[in-house]
Amino acid sequence: MLTAATAVAVAVTAAGCTSGGPSAVSASPWTAPGSSATRTGDPSPAASAAATAASASCVTRVYDGMTEAQRVGQLFLVGLTPDRAGPVTAAALQAYHFGSLLLSPTSEGVTALGAATAHMQSLATSPVTGGVRFFIAANQEGGQIQPLTGPGFSVMPSAVTQGTWSVAALRAAASRWGGELKSAGVNLDLAPVMDVVPPGGASTNAPVGQLERDFGSGPAGNGAHGAAFIAGMASAGVATTAKHFPGLGRVTGNTDFTSGVVDSVTTPDDPYLGSFRAAISAGVPFVMVALATYTRIDASRLAVFSPTVMRLLRSELGFGGVIISDDLGDAAAVASIPAGDRAISFLNAGGDMITSQSLAPAETMAQAVLARTAADAAFRAEVSTAVRHILAAKRAYGLLPC
């Protein structure tokens, strides 16, 4: 995902390992980084079972105390309006109970942004979210994709540069960058990019290669460096998102700005999926699914709407966390599909969290999902599973009231 606002910033700028520390969190349900339940080494089976039971019990209590509208709201990561936590956003939260918020680019720095995000979290009241706090997210990758800048934020080099460092050096740097995000109230980074661009393919690959968003041109190096990034961020208490499954490294067009993007190479057992396997082994809590079509996996649907792609991620790669969509609000790849249908198709396929860069389509999608849950018991069960995945992630990062 490359936001429209970030794309403007990119244009202006262009014109100008496996985790092993206390941050290591496994597939859902997780333990909260920094909590007494978080492992500092491998936990005993009894301690692990107790932590899992405690997490499941907390998630169940919170879920049972929510209205159906509040549950549906948890399914959304919504881009904020220019007023951020002002009247427009507050009204939308009251009406639709959105559970996670996506920041737009800002240069105000850590302290000022921290004050703003603290106010955002104050809006997560019992009537709005059942007292569940927000994931507040940013696309903080580095290089041309660093929307949060200003005093207190380091200038992050591109992923291509990060990929030339040792994994230990990258993990340490990511821990520092994660600390900056945490101080600013940001607890979810929509990074790292795990897509593999083939050697020599960067110049024709608009979504990744041209913007230097990959760690290198092989799945092993990408995987090791992505895992280091994930571990470093987690050590600072910041969740991460491996994207864009099953990979945008072999396509030409950027799905944010182009429809009909097709990958005719990637297969279900493709070696290039190795970078995503490494991210999952590192305990990444979110995986973002792409808006391209993969003809050798499912030729009939975009990946984000494909049960086959979701099964590949769950069953073959063993991912138990939150499956999040790339932007279903403003992306050109889905512009021809009614907004409500986008959300329902994603959830029907097995997805969990819906990203919408802007508020209006998110409102339409939330209305459609809520109506379908009332009318369709099978769909309501899918929504329940998705909400529980999200609540488990929130519990891991200290966002539930238990």
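We count residues from 1, following the sequence as given.
- With Q162 contributing its side chain and P157 its backbone, the two residues share a donor-acceptor pair below 3.5 Å.
- Residues T240 and P192 meet the side-chain proximity criterion, which asks for heavy atoms closer than 4.5 Å.
- Ionic pairing of D327 and K243 is not present here: no N-O contact between side-chain nitrogen and carboxylate oxygen is shorter than 4.0 angstrom.
- The minimum heavy-atom distance linking S358 with D330 is given by the pair OG-OD1, 2.8 Å.
- Closest approach of L123 and L93 over heavy atoms only: CD1-CD1, 3.8 Å.
- Rounding to the nearest 0.5 Å places CZ of R342 at 14.0 Å from CG of L347.
- Using modelled atom types, one side-chain atom of E180 and one backbone atom of S154 make a donor-acceptor pair closer than 3.5 Å.
- In this structure, D352 contributes its side chain and I323 its backbone to a donor-acceptor pair below 3.5 Å.
- At least one donor-acceptor pair closer than 3.5 Å links the side chain of T60 to the backbone N or O of A56.
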Could you give me the CA-CA distance, side-chain angles and deciding distance for Y96 and V128, then say whether side-chain contact (heavy atoms from CB on, under 4.5 Å) is met?
CA-CA 8 Å; Y96 298 101; V128 173; over 6 Å; no
Evaluate the criterion side-chain hydrogen bond (donor to acceptor under 3.5 Å, both in side chains) for residue pair S384 and Y63; output intermediate values, then yes/no.
CA-CA 9 Å; S384 175; Y63 179 90; 3.0 Å; yes
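- S107 has its side chain within reach of T149: a pair of non-hydrogen atoms, C-beta onward, lies under 4.5 Å apart.
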Given V193 and H244, is the side-chain contact (heavy atoms from CB on, under 4.5 Å) satisfied, shown in steps?
CA-CA 7 Å; V193 170; H244 312 78; 4.1 Å; yes
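- In this structure, V261 and T252 have side chains that are not in contact, with every pair of non-hydrogen atoms separated by 4.5 Å or more.
- No donor-acceptor pair closer than 3.5 Å links the side chain of K394 to the backbone N or O of Q74.
- Not a single donor-acceptor pair under 3.5 Å links the side chain of D263 to the backbone N or O of Y294.
- R84 is listed as a side-chain neighbour of L113, based on a closest heavy-atom distance under 4.5 Å.
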Pair T355-S325, side-chain contact (heavy atoms from CB on, under 4.5 Å): steps then yes or no
CA-CA 6 Å; T355 303; S325 75; 3.9 Å; yes
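- Residue T267 holds its OG1 atom at 7.0 Å from CD1 of I297, rounded to the nearest 0.5 Å.
- A donor-acceptor distance shorter than 3.5 angstrom exists from the side chain of Q146 to the backbone of M156, with no hydrogens or angles considered.
- For residues 111-137, the set of pairs meeting the ring pair (Phe, Tyr, Trp, His ring centres under 6.0 Å) definition, not counting sequence neighbours, comprises F135-F286.
- For the pair V238 and Y397, the tightest heavy-atom approach, listed with the atom from each and the gap, is C-CE2, 3.7 Å.
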Test side-chain hydrogen bond (donor to acceptor under 3.5 Å, both in side chains) on S275 and N222; report intermediate values, then the result.
CA-CA 6 Å; S275 58; N222 270 25; 5.1 Å; no
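- For the atom pair OG of S55 and CG of L400, the computed distance is 8.0 Å after rounding to the nearest 0.5 Å.
- With Q70 contributing its side chain and P127 its backbone, the two residues share a donor-acceptor pair below 3.5 Å.
- Between the side chain of H225 and the main chain of G163, a donor-acceptor pair closer than 3.5 Å is present.
- By the 4.5 Å heavy-atom criterion applied to side chains, D256 and P207 are not counted as neighbours.
- A332 and S259 get closest at one heavy-atom pair: O-CB, 3.7 Å.
- Between atom CD of residue Q210 and atom OG1 of residue T204 there is a gap of 7.5 Å, rounded to the nearest 0.5 Å.
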Run the numbers on L190 and L77 for side-chain contact (heavy atoms from CB on, under 4.5 Å), then give the verdict.
CA-CA 11 Å; L190 300 183; L77 171 66; 4.1 Å; yes
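- Atom CD of residue Q140 and atom CG of residue L188 lie 12.0 Å apart, to the nearest 0.5 angstrom.
- For the 3.5 Å distance criterion, the side chains of S57 and R61 qualify, holding a donor opposite an acceptor.
- Between V72 and H97 there is no side-chain heavy-atom pair separated by less than 4.5 Å.
- Looking at P246 and L273, their side chains come closer than 4.5 Å, going by heavy atoms from C-beta outward.
- Ring orientation note: the planes of W177 and W165 are tilted relative to one another, at an angle of 30° to 60°.
- Residues S104 and L148 approach most closely at O-CD2, 4.2 Å, considering heavy atoms.
- Distance CE/M353 to CE/M288: 10.5 Å, rounded to 0.5 Å.
- Scanning all heavy atoms of the two residues, the minimum distance from A282 to I230 falls at O-CG2, 4.1 Å.
- D214 has its side chain out of reach of V196: every pair of non-hydrogen atoms, C-beta onward, lies at least 4.5 Å apart.
- In this structure, R213 contributes its side chain and V208 its backbone to no donor-acceptor pair below 3.5 Å.
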